[in-house]
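Report on the structure given below.
Bear in mind that the values here come from a model prediction, so they are computed numbers and not experimental data.
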Amino acid sequence: MTLASLKLLYDYSYWTRDRVLAMAAKVTPEQLGAPADNGWGSLRGTLVHMLDAEYGWRMLCQQGVLTPDLEEASFPTVQAIAERWRAEETAMRAYLASLKDSDLTGTVSYTTPKGEPRSRTLWHCLFHIVNHSTHHRGQCVMMLRVLEHSPGDTDFTVFLNSLTAASSIKA
């Protein structure tokens, strides 16, 4: 894995996140918090879980710190989630910019809250963040489609097409 490849995956993840958040902003507060059969209890719960995982893993990779979970109640609206997530995106992009390809094979060691020692390769952790978001974003997309607020196609290839279209506009 190269740093350029990871950055592209994060670009994709943030592109799809923004599509999901744009549609989530159209649901009612009741729909945002309504119980769901998949995800983390509700659309809001799943979005906060995704944000929490990204923040927690970045802090572990960057500072070696296990953070307490973000509380869903601290994010009553999509706007509150989006604001905090954009701040996290800024921090993540700064962290990625501080790395070199050779850093990606380094080791992240930690002890889980259950006391289990773990050791992971840095790029595996960074890839996990994107993969984890992809999984839960799919759950959010399903919830939004049921609410008739589909974010549209979120495939990686559609993202790549958007990059090609944007670069041809600039040319």
Side-chain angles (χ1 to χ4, degrees), residues 1-59 61 69-97 99 104 123-171:
M1 178 67 65
T2 66
L3 193 54
S5 296
L6 272 173
K7 287 178 180 180
L8 180 65
L9 290 172
Y10 275 85
D11 289 343
Y12 163 67
S13 191
Y14 292 131
W15 176 83
T16 56
R17 176 213 56 199
D18 289 346
R19 292 173 67 109
V20 167
L21 288 175
M23 290 298 105
K26 295 181 178 194
V27 305
T28 67
E30 294 76 24
Q31 291 170 325
L32 183 65
D37 291 336
N38 64 21
W40 278 71
S42 68
L43 179 57
R44 179 181 47 238
T46 305
L47 291 168
V48 171
H49 172 70
M50 291 165 59
L51 166 60
D52 178 60
E54 182 174 326
Y55 166 65
W57 277 99
R58 179 185 57 81
M59 292 299 291
C61 293
D69 290 343
L70 297 177
E71 296 292 328
E72 182 180 342
S74 299
F75 302 93
T77 65
V78 173
Q79 180 180 347
I81 296 166
E83 287 174 5
R84 176 61 180 81
W85 214 334
R86 287 195 180 89
E88 179 53 38
E89 175 185 354
T90 298
M92 178 60 83
R93 287 187 186 277
Y95 173 55
L96 293 173
L99 298 173
L104 298 178
W123 82 261
H124 294 173
C125 296
L126 295 171
F127 178 78
H128 168 71
I129 296 166
V130 172
N131 190 57
H132 178 267
S133 286
T134 298
H135 170 73
H136 289 300
R137 194 170 40 250
Q139 294 171 327
C140 292
V141 167
M142 171 77 106
M143 288 181 242
L144 287 166
R145 284 185 177 148
V146 167
L147 297 170
E148 299 182 0
H149 290 291
S150 174
D153 196 342
T154 59
D155 284 346
F156 183 67
T157 193
V158 174
F159 163 71
L160 293 175
N161 292 344
S162 76
L163 294 179
T164 303
S167 66
S168 68
I169 292 169
K170 293 177 188 176

**OP:** Identify, with sequence neighbours excluded, every residue that meets side-chain hydrogen bond (donor to acceptor under 3.5 Å, both in side chains) alongside Asn131.
**Re:** none
**OP:** Find the distance between CZ (Phe75) and CG (Leu51) and round it off to the nearest 0.5 Å.
**Re:** 5.5 Å
**OP:** Check whether any side-chain N or O of Ser74 sits under 3.5 Å from a backbone N or O of Leu70 as a donor-acceptor pair, and report yes or no.
**Re:** no
**OP:** Scan residues 42-59 for pairs that pass salt bridge (Lys or Arg N to Asp or Glu O under 4.0 Å), counting only residues two or more places apart or in two chains.
**Re:** Arg44-Glu72, Arg58-Glu88
**OP:** Would you please name every residue forming a side chain to side chain contact (heavy atoms under 4.5 Å, CB included) with Met23, sequence neighbours left out?
**Re:** Lys26, Leu144, His149, Pro151
**OP:** Write down the atom of Ala73, the atom of Pro76, and the distance for their closest heavy-atom approach.
**Re:** O-CD, 4.0 Å
Original post:
Could you go step by step and tell me if Leu163 and Leu160 meet the side chain to side chain contact (heavy atoms under 4.5 Å, CB included) rule?
Top reply: CA-CA 5 Å; Leu163 294 179; Leu160 293 175; 4.2 Å; yes
**OP:** Kindly assign one of parallel, tilted or perpendicular to the pair Trp123 and Phe127, based on the angle between their ring planes and the thresholds 30° and 60°.
**Re:** perpendicular
Subject >> Counterpart residues, salt bridge (Lys or Arg N to Asp or Glu O under 4.0 Å), relative to Asp11 (two or more places apart) >> reply: Arg93
Original post:
Nearest 0.5 Å, what's the NZ-CG distance between Lys7 and Leu3?
Top reply: 4.5 Å
**OP:** Rounded to the nearest 0.5 Å, what's the gap from CH2 on Trp57 to CG on Leu126? Could you check?
**Re:** 9.5 Å
**OP:** Look at atom CE of Met1 and say whether more than 12 heavy atoms of other residues, nucleotides or ligands are closer to it than 6.0 Å.
**Re:** yes
**OP:** Please examine the side chains of Arg17 and Glu89, heavy atoms only from C-beta on, and report whether any two atoms are closer than 4.5 Å.
**Re:** yes
Subject >> Trace of the side chain to side chain contact (heavy atoms under 4.5 Å, CB included) decision for Arg86 with Tyr14 >> reply: CA-CA 9 Å; Arg86 287 195 180 89; Tyr14 292 131; over 6 Å; no
Original post:
Can you tell me how far OH of Tyr12 sits from CZ of Phe156, rounded to the nearest 0.5 angstrom?
Top reply: 8.0 Å
Subject >> Residue pair Ala24 / Leu43: nearest heavy atoms and the distance that separates them >> reply: CB-CD2, 4.2 Å
Donor-acceptor contacts, no H, no angles, side chain residues 30-39, under 3.5 Å, sequence neighbours left out:
from	atom 1	to	atom 2	distance (Å)
Glu30	OE1	Thr28	OG1	3.4
Gln31	OE1	Thr28	N	2.9
Gln31	OE1	Thr28	OG1	3.4

Original post:
Under the salt bridge (Lys or Arg N to Asp or Glu O under 4.0 Å) rule, what pairs show up with a residue in residues 126-148, not counting sequence neighbours?
Top reply: none
Original post:
Among all residues two or more places apart in sequence or in another chain, which pass the side chain to side chain contact (heavy atoms under 4.5 Å, CB included) test with Val158?
Top reply: Trp15, Asp153, Asp155
Subject >> With Thr2 via side-chain hydrogen bond (donor to acceptor under 3.5 Å, both in side chains) - residues at least two apart >> reply: Ser5
**OP:** For Met59, check side chain to side chain contact (heavy atoms under 4.5 Å, CB included) against everything at least two apart and list the hits.
**Re:** Tyr55, Gln63, Thr67
Original post:
In chain order, what residues pass the ring-ring contact (aromatic ring centres under 6.0 Å, His included) check against Tyr10, with sequence neighbours excluded?
Top reply: none
Original post:
Knowing that exactly one of Leu8, Ile129, Val130, Asp18 qualifies, which makes a side chain to side chain contact (heavy atoms under 4.5 Å, CB included) with Ser13?
Top reply: Val130
Subject >> Which residues share a side chain to side chain contact (heavy atoms under 4.5 Å, CB included) with His132, sequence neighbours left out >> reply: His49, Ala53, His128, His136
Subject >> From Ile81 atom CD1 to Glu83 atom CD, the distance as rounded to the nearest 0.5 Å >> reply: 11.0 Å
Original post:
Roughly how far, to the nearest 0.5 Å, is the CZ atom of Arg84 from the CG atom of Leu47?
Top reply: 14.0 Å
